[in-house]
Asks: 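Below: one structure in structure tokens.
Atoms within a ligand are numbered from 1 in the order they appear, just like the ligands themselves.
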Amino acid sequence: MVAESPSRVEPAQPNVPKHIAIIMDGNGRWAQRKHLPRTAGHHAGERNIHRILRACVDRGVEMLTVYAFSTENWGRPQPEVNALMALFEDASERETRNLHKNGVKVCHVGTMYGVSPQLQRSIQKAVETTRHNTRITLNVAFNYGGRAEIVDAIKRIVADGVTPDEIDESLISRYLYTATLPDPDLVIRTAGEMRLSNFLIWQAAYSEYYSTPTLWPDFSKDDLDAAIESYAARHRKFGKL
Ligand code: IPE
Ligand code: IPE
Ligand code: MG
């Protein structure tokens, strides 16, 4: 994934978001514009994760979360779903060593429900192998849906016999797939849509949003810098004055 060690790692600048989350949208349109099958767009999109992850390291970003497959994406035509599953398996087998070598900690955010046992094992291996790495954390939101996450959390809260007066925002956060992860500071969506599509609906309550028409496979380091620059100029108020 990160082909070689970054040439320069800068300490986080005061206004660089510590945690960036990206809705990587537009792979299909990217391919269509090139008269290629949609799958070619997904492959190009996967390659771009490595470029942007490396750029995040260089800029001192501590955590990158990428929305790779939503619980609603199962509803796509079966050949596309199959191709995506094959790509995820190939990518996790192919990239774990590289990620590990480059100090990347990989986390899975989502559910294994409906995922083939083989792919589950690949994901677990990537997470297990890289768990002590500290250079940057890459959270892969795979088979993730914000509503499903809240439903799962409520089920486990009830099953654990939690009483109503024990329930507060921090308890709910701990029951989400993201449990101990910090909330994203900046949510970027590529390909121009202005919606969350069920992404981190609880965690992004006070995140800053940035949308760009650039399609995900074309999203470059310069686009990342533009997003970070926009973030740096914002005044986060969290409901206060
Ligand atoms: C995002 O690209 C990748 C996934 C949802 C898996 P799309 O496949 O949604 O691309 P568009 O939106 O059709 O262009
Ligand atoms: C969101 O993109 C999901 C991912 C990027 C994985 P979609 O393409 O699925 O979202 P909608 O359908 O445009 O809302
Ligand atoms: Mg899309």
Side-chain angles (χ1 to χ4, degrees), residues 1 19-53 56 63-92 94-95 106-116 119-120 122-123 126 138-152 176-178 181 184 186-204 207 209-220 223-224 227:
M1 173 169 278
H19 181 184
I20 297 181
I22 306 184
I23 303 172
M24 308 183 293
D25 197 19
N27 294 350
R29 277 163 278 179
W30 182 90
Q32 270 157 358
R33 281 184 198 171
K34 293 183 162 0
H35 307 286
L36 294 169
R38 290 179 57 84
T39 316
H42 295 313
H43 281 266
E46 190 265 325
R47 286 194 294 276
N48 201 37
I49 297 173
H50 315 318
R51 174 165 75 155
I52 296 305
L53 177 63
C56 283
M63 184 172 281
L64 174 67
T65 300
V66 291
Y67 201 8
F69 189 83
S70 75
T71 44
E72 289 69 38
N73 289 148
W74 291 108
R76 293 191 177 193
Q78 199 57 46
E80 177 159 347
V81 171
N82 293 345
L84 280 165
M85 292 304 142
L87 172 61
F88 293 133
E89 199 169 321
D90 170 61
S92 58
R94 171 168 38 87
E95 295 297 342
V106 180
C107 297
H108 170 229
V109 174
T111 163
M112 292 297 193
Y113 183 77
V115 178
S116 77
L119 179 49
Q120 287 189 34
S122 297
I123 295 169
L138 173 68
N139 302 315
V140 183
F142 165 75
N143 202 17
Y144 174 85
R147 290 184 176 181
E149 175 181 44
I150 291 170
V151 170
D152 279 357
L176 299 176
Y177 304 142
T178 46
L181 304 178
L186 172 64
V187 175
I188 299 173
R189 181 160 188 151
T190 60
E193 313 300 346
M194 299 287 186
R195 55 178 172 261
L196 274 179
S197 303
N198 208 10
F199 186 50
L200 302 179
I201 54 178
W202 172 280
Q203 299 87 338
S207 303
Y209 285 89
Y210 182 86
S211 175
T212 170
T214 306
L215 306 175
W216 171 248
D218 290 331
F219 186 84
S220 66
D223 294 311
L224 179 70

Asks: Looking at ligand 1, is there an atom of it that comes within less than 4.0 Å of some heavy atom belonging to R76?
Replies: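 Contact present.
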Asks: So which N/O/S atom does D25 have closest to the Mg ion (ligand 3)?
Replies: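 Atom name returned: OD1.
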Asks: What is the nearest protein non-hydrogen atom to atom 14 (O) of ligand 2, stated with its residue, atom name and distance?
Replies: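 Ranking protein heavy atoms by distance from atom 14 (O) of ligand 2, first comes S197 OG, 2.6 Å.
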Asks: Select the closest option to atom 2 (O) of ligand 2 among R29, M24, E193, R189, judged by heavy-atom distance.
Replies: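 The option holding the nearest heavy atom is R189.
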Asks: Would you confirm whether T178, through its side chain, and L181, through its main-chain N or O, come within 3.5 Å as a donor-acceptor pair?
Replies: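 No, T178 side chain to L181 backbone: no donor-acceptor pair under 3.5 Å.
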Asks: Regarding T212 and R189, do their side chains bring together a donor and an acceptor under 3.5 Å, going by distance alone?
Replies: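 The criterion, which ignores hydrogens and geometry beyond distance, is not satisfied for R189 and T212.
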Asks: Answer yes or no: is there a donor N or O on one side and an acceptor on the other, between the side chain of N143 and the main chain of T111, under 3.5 Å?
Replies: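 Such a contact is found between N143 side chain and T111 backbone.
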Asks: Without hydrogens or angle criteria, can the side chains of N198 and Y144 be said to hold a donor-acceptor pair below 3.5 Å?
Replies: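 No, no side-chain donor-acceptor pair sits under 3.5 Å.
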Asks: At a non-hydrogen distance cut-off of under 4.0 Å, which region of F69 contacts ligand 2 (side chain, backbone, both, or neither)?
Replies: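 F69 to ligand 2: backbone contact only, side chain stays beyond 4.0 Å.
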Asks: Under 4.0 Å, counting heavy atoms only: does G26 come that close to any atom of ligand 1?
Replies: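 The answer is yes, since G26 has a heavy atom less than 4.0 Å from ligand 1.
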Asks: In the protein, what heavy atom is nearest to atom 12 (O) of ligand 2, and what distance, to one decimal place, separates them?
Replies: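 Result: R195 NH2, 4.6 Å.
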Asks: Is it true that Q120 and E89 share a donor-acceptor pair across their side chains at a distance under 3.5 Å?
Replies: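 No, Q120 and E89 have no side-chain donor paired with an acceptor closer than 3.5 Å.
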Asks: Write out the residue and atom name of the closest protein heavy atom to atom 10 (O) of ligand 1, then the distance separating them to 0.1 Å.
Replies: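 It is G28 N, 2.9 Å.
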Asks: Can a donor-acceptor pair be found, under 3.5 Å and without considering hydrogens, that links the side chain of W216 to the backbone of G45?
Replies: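 Yes, W216 side chain to G45 backbone: donor-acceptor pair under 3.5 Å.
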Asks: N/O to N/O below 3.5 Å, does that happen between L84 and ligand 1?
Replies: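 Between L84 and ligand 1 (N or O atoms, distance only) the closest approach is not under 3.5 Å.
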Asks: With a 4.5 Å cut-off on side-chain heavy atoms, are N139 and H108 touching?
Replies: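 Heavy-atom side-chain distance check fails, nothing below 4.5 Å.
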Asks: Please determine if N73 has a nitrogen or oxygen closer than 3.5 Å to a nitrogen or oxygen of ligand 1.
Replies: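 In fact, backbone or side chain, N73 has no N or O that close.
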Asks: Would you mind running through ligand 1 and noting each atom that sits below 4.0 Å from a heavy atom of D25?
Replies: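 So the atoms of ligand 1 that pass are 1 (C), 2 (O), 7 (P), 9 (O), 10 (O), 11 (P), 12 (O).
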Asks: I need the nearest protein heavy-atom contact for atom 3 (C) of ligand 1: residue, atom name and distance, please.
Replies: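 Result: N27 ND2, 3.6 Å.
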Asks: Is the gap between the ring centers of F88 and F142 under 6.0 Å?
Replies: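 Centroid distance F88-F142: below 6.0 Å, so yes.
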Asks: What atoms in ligand 1 come closer than 4.0 Å to a heavy atom of A68?
Replies: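 So the atoms of ligand 1 that pass are 6 (C).
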Asks: Please step through side-chain hydrogen bond (donor to acceptor under 3.5 Å, both in side chains) for the pair D25 and Y67, ending with a clear verdict.
Replies: CA-CA 9 Å; D25 197 19; Y67 201 8; over 6 Å; no
